[in-house]
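Report on one structure; see the data block that follows.
Chain identifiers are assigned alphabetically (A, B, ...) following the order of the sequence lines, protein sequences preceding nucleic acid strands; residue numbering begins at 1 within each chain. The shown structure was predicted, so the numbers you read here are calculated from the model rather than taken from an experiment.
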Amino acid sequence: MLQQTQVSAVQAAFQKWMQDFPTVQALASASEEEVLLHWQGLGYYSRARNIHKTAKQIVQNGGKFPQNRKELKALPGIGAYTAGAILSLAFHQNEAILDGNLVRIFSRLKEWDFLPTKDKAAKDAYWEEAYNWATAEDAFLTNEALMELGRTVCKKSNPLCESCPIQKICNAYKNNRAAEFPPKKQTQYVSWIGFALAICDGSGNFLLQSSPKSPFLKNQLTFPMFEYADAFKNIFPGIAEDVIPYENVKRFAFTGTVEHSITRYKIQCRVLCVEAKSRKGLIGSWIPKQELSQKIISSFAQKIIIFTHDF
DNA sequence: AAGTCGGGGGA
DNA sequence: TCCCCAGACTT
């Protein structure tokens, strides 16, 4: 859960997760739907599918976790950081970790104006530094301490250098340049204008699809969505006929606009509510309105529910 | 090596 | 509005 997600955002979901899946066996025997429901609103939903797969594999192999980096990294969703975290924090092995906190600390300590994602040499430099810090017998404590230092003192902005316990070995502090490190990522944001189709059958059920077409929320049960530059014209968009032919439309109405951002997409999504004359020929799952909030995982699609209207 | 994937909060 | 968070995986 903590991969690219702050502790505060995870806490509530983590409590419920551990309560309902107290063992790897409990997780392995849960349905994917139940697992995803526990991940509701956390984002990066492939993490949920991956940890579920990993739990099944571990149970398959007798319920024992691998105790080396190579076998851990072979499991779905476990990469360099998580493998190190399991070996170090759980099994107290002399192993390195490298997360965003440590990257920020090392960048400032060394005045490295590059990120480990730059190239192989950069990645190697950061991991070598991480291993230097993980040589002591109590490496798990050092690793925990570094992450905590990064979170509370060596912060992204307004770092508390004056109370930093390792200021003496920090080049950025010495040169008063902490604010210059690490370098920014600068992502290019893209605007996405379109609409979501909330099709009802006249009996309070809405059509959800697992649409692999949209650029986001792939393979998730959600409202059919289309990128459409003219979404703010109040006419029935022709492309909606990919899902429902116009001759099957009893009535329609634009009921609202949802704004949301998913990774680099800045989304403006109008909600187009449609009452179908017949369910015939419509592909997907018909879900009663009051069950939508439990069937839909993403926060974006949750916002759309507010504007659903069954005429 | 670059792109993709969520959502929320701090500044 | 921009940036980043206890990253991993695919292209």
Separation of atom CD in A:Q11 from atom C1' in B:dG9, rounded to whole Å:
14 Å
Determine the Euclidean distance between corresponding C1' atoms of C:dC5 and B:dA1; express it in Å to zero decimal places.
22 Å
If I compare all heavy atoms of A:F300 with all of A:I262, which pair ends up nearest, and what's the gap?
CD2-CD1, 4.0 Å
Students often get this wrong, so: under 4.0 angstrom with heavy atoms, is A:F14 touching a base, only sugar-phosphate, or nothing?
nothing
Report which part of the nucleic acid A:Q3 touches: base, sugar-phosphate, or nothing (heavy-atom distance under 4.0 Å, all strands).
sugar-phosphate
Opening and closing nucleotides of DNA chain C in contact with chain A, under 4.0 Å to non-hydrogen atoms:
C:dC3 to C:dC9
How about A:N50 and A:R47: does a side-chain donor come under 3.5 Å of a side-chain acceptor?
no
Around atom NZ of A:K250, are there more than 12 heavy atoms from other residues, nucleotides or ligands closer than 6.0 Å?
no
In whole angstroms, how far is the P atom of B:dT4 from the CG atom of A:N219?
16 Å
Which base sits across from B:dG6 as a Watson-Crick or G-U pair, both distances under 3.5 Å?
none
Rounded to whole Å, how long is the line connecting atom NZ of A:K185 with atom P of B:dG3?
13 Å
Would you mind reading off the distance between A:Q40 atom CD and B:dG7 atom C1', rounded to a whole angstrom?
13 Å
Could you work out the separation of C:dA6 and B:dG10 based on their P atoms and round it to a whole Å?
13 Å
Among B:dA11, B:dG8, B:dA1, which nucleotide sits nearest the side chain of A:K120?
B:dA1
When you measure from the side-chain N and O atoms of A:S8 to the phosphate of B:dG9, is any distance below 4.0 Å, counting only OP1 and OP2?
no
Report, as yes or no, whether the 6.0 Å neighbourhood of atom CD1 on A:I169 holds more than 12 heavy atoms from other residues, nucleotides or ligands.
yes
Enumerate donor-acceptor pairs with a distance under 3.5 Å from any side-chain N or O in residues 70-78 of chain A to protein atoms, sequence neighbours excluded.
unit_1 : atom_1 : unit_2 : atom_2 : d
A:E71  : OE2    : A:N68  : ND2    : 2.9

In whole angstrom, give the distance that lies between atom CG of A:N158 and atom P of B:dG10.
13 Å
Answer yes or no: does atom NZ of A:K289 have more than 12 heavy-atom neighbours from other residues, nucleotides or ligands under 6.0 Å?
yes
How many Å lie between CD1 on A:I267 and P on B:dG6, as a whole number?
10 Å
Surrounding CG of A:N175 (heavy atoms of other residues, nucleotides or ligands, distance under 6.0 Å), is the total greater than 12?
yes
A:Y228-A:V243 co-clustered via ILVMFWY side chain contacts under 4.5 Å:
yes
Comparing A:K118 and A:S299 on DNA chain B - which has the more 5′ nearest nucleotide:
A:K118
For residues 33-41 of chain A, tabulate all N or O donor-acceptor pairs below 3.5 Å that involve a side-chain atom, not counting sequence neighbours.
unit_1 : atom_1 : unit_2 : atom_2 : d
A:E33  : OE2    : A:K295 : NZ     : 2.9
A:H38  : ND1    : A:E34  : O      : 2.8
A:H38  : NE2    : A:D20  : OD2    : 2.7
A:W39  : NE1    : A:G43  : O      : 3.1
A:Q40  : NE2    : A:S293 : O      : 2.8
A:Q40  : NE2    : A:I296 : O      : 2.7

DNA chain B contacts among residues 124-145 of chain A, heavy-atom distance under 4.0 Å
none
Taking a hydrophobic cluster as the set of Ile, Leu, Val, Met, Phe, Trp and Tyr residues connected by side-chain heavy atoms closer than 4.5 Å, whether directly or through intermediates, do A:F232 and A:F252 fall within one such cluster?
no
Keeping the roles fixed (side chain from A:N61, backbone from A:P66), state whether a donor-acceptor pair exists under 3.5 Å.
no
Determine, using the 4.5 Å side-chain heavy-atom cutoff (strictly less than), whether A:Y246 and A:I283 are members of one ILVMFWY cluster.
no
When the distance from CZ of A:F300 to P of B:dG7 is rounded to whole Å, what number comes out?
9 Å
Tell me if the CZ atom of A:F114 is crowded by more than 12 foreign heavy atoms within 6.0 Å.
yes
Closer to the 5' end of DNA chain C via nearest nucleotide, is it A:G77 or A:V7?
A:V7
When you compare B:dG6 with C:dC4, how far apart are their C1' atoms, in angstrom units rounded to a whole number?
13 Å
Rounding to a whole Å, what distance do you find between A:L217:CG and B:dG7:C1'?
11 Å
Over 12 non-hydrogen atoms of neighbours within 6.0 angstrom of CZ in A:F65
no
Given the options A:K280, A:R279, A:K277, A:D201 meets salt bridge (Lys or Arg N to Asp or Glu O under 4.0 Å) only with A:R279
Would one find a side-chain N or O of A:H260 under 4.0 angstrom from OP1 or OP2 of B:dG6?
no
If you assign A:I297 and A:K156 each to the DNA chain B nucleotide with the nearest heavy atom, which residue ends up on the more 5' nucleotide?
A:I297
Counting only non-hydrogen atoms, which of residues 42-53 of chain A are less than 4.0 Å from DNA chain B?
A:L42, A:G43, A:Y44, A:Y45
What are the residues of residues 88-116 of chain A, sorted by number, that bring a heavy atom to within less than 4.0 Å of DNA chain C?
A:D99, A:G100, A:N101, A:R104
